[in-house]
Structures are given as C-alpha cells and as structure tokens.
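Shown next, in structure tokens, is the structure this report addresses.
Excluded from the calculations below are hydrogen atoms, water molecules and symmetry mates; all remaining heavy atoms, backbone and side chain alike, are included.
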Amino acid sequence: MLLTEPIRTLPSLLLPLTGVLFLGGFSSGSFGWAAFGLVGSVLYAVVRWATFTYQVIGDRLELTRALIGRSVRTIPLERIRGVDVSSPPLHRLLGLAVLRIDTGAGGSKQEGELDGVTLVEAERLKATLLWHARARAARRAGARGTVAAHGDGPPGAAVTVPAGPLPGTPEPAGPSPATAVPPVRHRTGETLPERVLFVVPRRWLAYGPLSGSYLLTPFAFVAGAAGLAFQWGSELRIDGRIVVGAGEWLWGHPLLLGGALVVLVLAMPVLGAAMYAVFNWDFTLRARDGYLVAERGLLTRRSVSLERRRVRGFELVEGLAERWAGVARAWAIVTGLGDSGTRGQLLSVIPRRAALDVVREAVGPILTGLRPHPPVARRRRLFRAVFPWLVAAACAAVAARSWPPLWWAVAAALVLAVLGVPLGLDRYRSLGHTHEGGRLSVRSGSLRRSQVVIEERAVVGWTLRQTWFQRRAGVLTVVAGVGAGSGGYAAIDVGEAQGVAFAAEVTPAWLAPFTEDAPFTEDAPPS
C-alpha cells in the first residue's frame with residue numbers, strides 16, 4: 001500500500017508538480033517543493049495504511065479509519081448482496097487485490113472497500129462474508145420452518161443455524177418437540193463443488209466491436225489527446241492559440257484531414273477489438289456455493305458474485321450489427337444489486353445460440369411466441385422514424401435559399417428519412433410481450449433490441465401510461481415494476497384492452513378492483 005497509494009495519486013499530482021517546477025524556473029527551491037509534494041503523498045499513504053483496520057464481529061463487518069477523526073463503518077452481514085474482487089495491474093504484480101462489498105443500497109459505488117489485501121485474504125474474506133449472508137438467510141428460513149440444509153462454510157468456522165426465530169424475536173406459541181425442526185449444522189470444508197458454466201473462447205473477442213461503443217475508441221483517444229493538450233497548455237504556459245492554429249491548419253488541408261479520418265475509421269475495428277479484449281479477456285461464468293461468479297479482464301482482473309436466489313430473470317441485448325452477426329449479450333436481473341449495468345453482466349458478446357444455452361442453465365430459458373402489437377404501433381414507429389427527418393429537410397431547404405451550401409444537409413436528411421422506413425418496420429417487428437409458466441417477457445428496440453424475461457413473483461406493481469397521441473391511437477404502455485435491474489420493464493404501444501389483459505393475466509387479483517367487469521373485493525391486494 002505504501003507503493004500503490006502514491007503511484008495512484010501521482011497522475012493528479014503530476015500537473016501541479018510540473019507547474020511548480022516551471023514557475024520556479026527549475027531552481028533548487030522548486031525541486032524542493034516538488035520533492036515535498038512527493039514525500040507528502042507517501043506520508044499520507046503511510047497514515048492511511050496505519051489507521052485503517054477491518055474485522056468481522058458477530059453479525060457485522062466493521063471498517064475503522066482514524067486518519068483525523070475516528071470513523072467506524074458497520075455493515076450488517078445480512079445486507080451483503082455481493083462481494084467483488086478486482087486486481088489492477090500494479091496490485092497483480094504485488095499479489096494484492098481490491099475487495100468491494102455491495103449491500104444493494106443503490107448507486108454505482110459499493111458501500112465497503114478493502115484496498116490492498118492479499119489475493120489469498122481477499123478470497124478467504126469473500127467466502128466468509130458470503131457464507132455468513134447465506135447462513136443468515138438460512139436462519140430466517142428456519143424461522144418460517146423451511147430450513148434448507150446445505151453444508152458449506154467459511155474456513156475455520158462451524159455455525160449452528162437454529163430452526164427457531166431470529167434472535168430478538170418473540171418465541172412462537174406452542175410448538176411441540178415432535179414437530180420442531182431440528183437445527184442445521186454448517187461445518188467447514190463441506191463446500192459445494194464449483195461448476196464452470198462457460199468460458200468465452202478468445203477468438204470470440206473479435207465480436208466485441210459489434211456492440212458499437214468500442215468502435216469509437218480511436219475518436220475517444222483523439223478527443224482525450226486534444227483535451228490534454230489544452231490542459232497542459234494552460235499549465236505549461238503554452239499559448240492556446242498554437243493548438244487552435246494547428247486545428248485551423250489541418251482544416252485548411254482537406255486532403256490531409258480526409259486521410260486522417262480514413263485512418264481513424266480503419267482503426268475503429270482494430271482498436272475497438274483491442275480495448276474490448278482488455279476488459280473482457282478470459283470471460284468466465286461459474287456456479288459456486290449458491291452464487292453466479294463472473295470473472296473477466298486482462299490488465300485489471302475482476303470477479304463479481306451474484307447470489308442466485310436473488311436472480312429474478314435476465315436481459316438479452318442485441319445491437320443491429322450484432323443481430324446481423326448472430327451474437328448477443330446477457331445481463332442478470334438481480335434484486336438489491338448496485339450498479340447492475342456493470343455488475344450484472346452474465347455474458348460478453350458471444351453467438352446468440354451459445355448465449356441462450358448458458359442463460360438457460362444459469363437462470364432459465366428465454367420465452368418465445370411473443371404476442372404482436374396492433375398495426376397502429378407500426379404506424380407510430382414509421383412516423384417517429386421518418387417525420388423528424390422530413391421536418392429537418394424542409395427547414396434546411398428554406399435556409400438553403402439564402403445559403404446554398406446547406407443543400408447537402410437537405411440531401412442528407414432525405415436519405416435518413418428513406419432509411420427510417422426499414423428502421424421503423426424493424427422496430428415494430430421487435431415489439432412483443434408474453435406470459436407463460438410463471439414468467440413474463442417484453443421486447444423492444446431495433447438499434448439496441450432488448451428482450452427481458454422476469455419471474456412473475458418479481459413484479460411489485462404496474463404502471464399503465466398513455467400520452468395524448470397514444471390515447472388518440474388507442475394504445476398504451478404497460479410497465480411492470482420490478483424490484484431488480486432497472487426497476488421497470490415496458491411493453492410499448494399495446495392495445496388498451498390487450499395491455500390491461502396482460503397485467504391482469506400476471507397478477508389478476510391486483511387489477512380486479514379497477515376493471516369494470518369484476519366486482520371490488522376487500523381481500524384483493526393493492527396494486
């Protein structure tokens with residue numbers, strides 16, 4: 001930690017230290033102040049290391065820091081939803097890891113972090129924390145009389161899980177010894193066998209740029225370099241007009257500018273595949289002790305654990321290029337998971353058939369036979385895909401009368417309007433919903449088509465939404481509220497009767513008080 005902490009803070013200190021050297025004319029005094037800054041960062045790392053402790057006490061994890069004021073963060077073990085272990089490049093060289101604890105509190109930042117523990121300690125502590133979370137769930141199941149006996153435990157511990165109520169709760173009245181559920185004994189060394197569900201072959205990393213975002217890697221590098229030039233220019237007293245002048249000179253040489261753009265375009269798949277490989281190298285999905293464990297990364301190796309009993313479904317995502325290539329990505333829909341967009345990823349970009357096989361084994365099969373939406377939904381998709389570009393073409397044509405170069409914008413808008421016809425039709429074909437076997441599914445999108453399959457028990461409410469245009473068209477959007485993933489999944493532009501019937505099919509008692517053909521009953525739960 002005395003090495004990794006100063007190196008990690010070095011980028012933020014580089015510009016100020018460089019500015020000190022330039023302002024001091026590289027004198028001995030300026031070098032002294034720069035050295036003082038470096039020594040101060042090391043001393044800061046020493047103090048942080050010496051004043052931080054962690055320990056598991058009873059049913060909680062305590063993180064104590066006493067840098068200036070004493071701070072104690074307490075994390076109840078029962079709230080732990082996942083434990084991630086990652087190893088940045090420098091940590092991997094030193095045999096260290098960063099352990100992050102997710103409690104499902106929301107947001108992209110985990111509630112607890114242990115930076116600089118050894119790899120062995122990180123894996124041991126991860127097993128301990130996750131095991132205690134499962135033991136707590138077993139106690140609660142025992143209080144309901146449904147204890148599930150699975151013998152796995154953390155190293156160096158043996159825990160008896162009583163089948164009675166949790167500590168602090170009143171004893172139930174009158175259970176006889178003959179009907180009492182015996183306690184379940186959790187012992188060490190009795191771990192469930194680990195099973196590797198899938199390892200993404202390295203040759204499939206070539207599919208990565210098809211997702212789209214990685215294709216912009218060359219332009220991101222250029223934008224970052226330009227921003228760095230402006231930032232360094234102000235720090236190093238380089239006149240910003242030099243940078244602007246270089247850009248104007250390049251703009252004044254269209255052949256050179258066009259060649260640079262061609263190089264960037266040609267570099268898109270190469271650099272995109274390289275960056276994708278760095279983040280998703282050796283993507284492995286395992287089933288281990290009641291968890292789905294996803295590991296990936298070349299420079300920074302990351303391991304994410306998802307508790308299987310909290311998985312409520314999955315989301316299969318296919319971009320336009322991915323659909324043409326027959327590949328897809330998958331995310332798990334998990335209750336109480338912070339930063340689900342990153343931590344919930346089950347599979348990177350792999351062939352769709354393989355993705356469905358893995359998801360079927362890990363979560364459940366995908367639902368087919370989606371119900372089509374009414375023809376008015378097709379007209380709405382076409383209108384949205386074509387009309388805005390026709391309006392843009394008309395506005396550009398009016399402006400082009402006074403400035404002729406805008407005629408190219410008119411032509412571009414008309415081309416996009418024509419391309420909007422197949423896009424709108426494809427958006428309509430992608431719409432669908434169904435309910436079957438205790439699960440429901442909704443699908444939408446074209447450039448990014450997403451099909452969500454969730455368990456019926458995950459639905460916590462419904463939203464039936466209509467805009468003014470939807471009311472005139474006789475359609476509505478039905479949103480299934482789910483306490484997992486993004487929080488809600490929508491069936492877009494379904495018929496009014498069709499949408500109400502869909503919600504009533506999944507949770508019939510909830511909608512009974514609001515439908516005209518069903519009498520109100522006080523026993524029906526609120527929606």
Expected output: side-chain E121 to main-chain A97 donor-acceptor under 3.5 Å: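 Between the backbone of A97 and the side chain of E121 there is no qualifying donor-acceptor contact (under 3.5 Å).
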D426 side chain to P422 backbone, donor-acceptor under 3.5 Å: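 No: the side chain of D426 does not pair with the backbone of P422.
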Trace of the side chain to side chain contact (heavy atoms under 4.5 Å, CB included) decision for R202 with D282: CA-CA 7 Å; R202 292 178 182 176; D282 283 346; 3.0 Å; yes
Rounded to the nearest 0.5 Å, how far does [atom2] of [Y] lie from [atom1] of [X]?
X	Y	atom1	atom2	answer
R195	L285	CZ	CG	9.5 Å
F283	E295	CZ	CD	10.0 Å
H433	I492	NE2	CD1	12.5 Å
L347	F314	CG	CZ	10.5 Å
S305	K126	OG	NZ	3.0 Å
L292	L346	CG	CG	6.5 Å

Aromatic ring pairing F279/Y214, orientation class (parallel under 30°, perpendicular over 60°, tilted between):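 Ring orientation, 0 to 90° scale: tilted.
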Parallel, tilted or perpendicular: rings of F387 and F383 (30°, 60°):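 F383 and F387: parallel rings.
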Decide yes or no for [X] and [Y]: does some side-chain heavy atom of the first lie under 4.5 Å from some side-chain heavy atom of the second?
X	Y	value
Q451	S441	yes
T74	I57	no
W204	S348	no
S303	R286	no
V494	L476	yes
L440	V459	yes

Salt-bridge criterion met for R384 and D493 (N-O under 4.0 Å):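 No, R384 and D493 are not salt-bridged.
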Cationic N near anionic O, under 4.0 Å, E322 to R449: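 R449 and E322: not salt-bridged.
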Residues, nucleotides or ligands: over 12 heavy atoms within 6.0 Å of W389 CH2: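 No, not enclosed.
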Closest approach of A484 to I333 (non-hydrogen atoms, all atoms of both residues):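 In this case the closest contact between A484 and I333 is CB-CG2, 3.6 Å.
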Distance-minimising heavy-atom pair for E113 and V98: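 So the two residues come closest at CG-CG1, 3.9 Å.
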Residue list, salt bridge (Lys or Arg N to Asp or Glu O under 4.0 Å) with R427, at least two apart or on another chain: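 Here no residue qualifies.
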H435 and E456: side chain donor to acceptor below 3.5 Å: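 A donor-acceptor contact under 3.5 Å links the two side chains.
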Residues that R353 engages under side chain to side chain contact (heavy atoms under 4.5 Å, CB included), provided they are two or more places apart: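 Counting only residues at least two positions away or on another chain, R353 forms a side chain to side chain contact (heavy atoms under 4.5 Å, CB included) with D357.
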Test log, rule side chain to side chain contact (heavy atoms under 4.5 Å, CB included), inputs L423 and L320: CA-CA 10 Å; L423 178 62; L320 188 60; 5.8 Å; no
Side chain to side chain contact (heavy atoms under 4.5 Å, CB included) between T467 and T477, worked out: CA-CA 9 Å; T467 65; T477 297; over 6 Å; no
Passing option when S86 is tested against R302, R92, R100, H91 for side-chain hydrogen bond (donor to acceptor under 3.5 Å, both in side chains):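 Checked R302, R92, R100, H91 against S86; only one passes side-chain hydrogen bond (donor to acceptor under 3.5 Å, both in side chains): R100.
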Stepwise side chain to side chain contact (heavy atoms under 4.5 Å, CB included) test for I350 and Y207: CA-CA 7 Å; I350 65 174; Y207 294 129; 5.8 Å; no
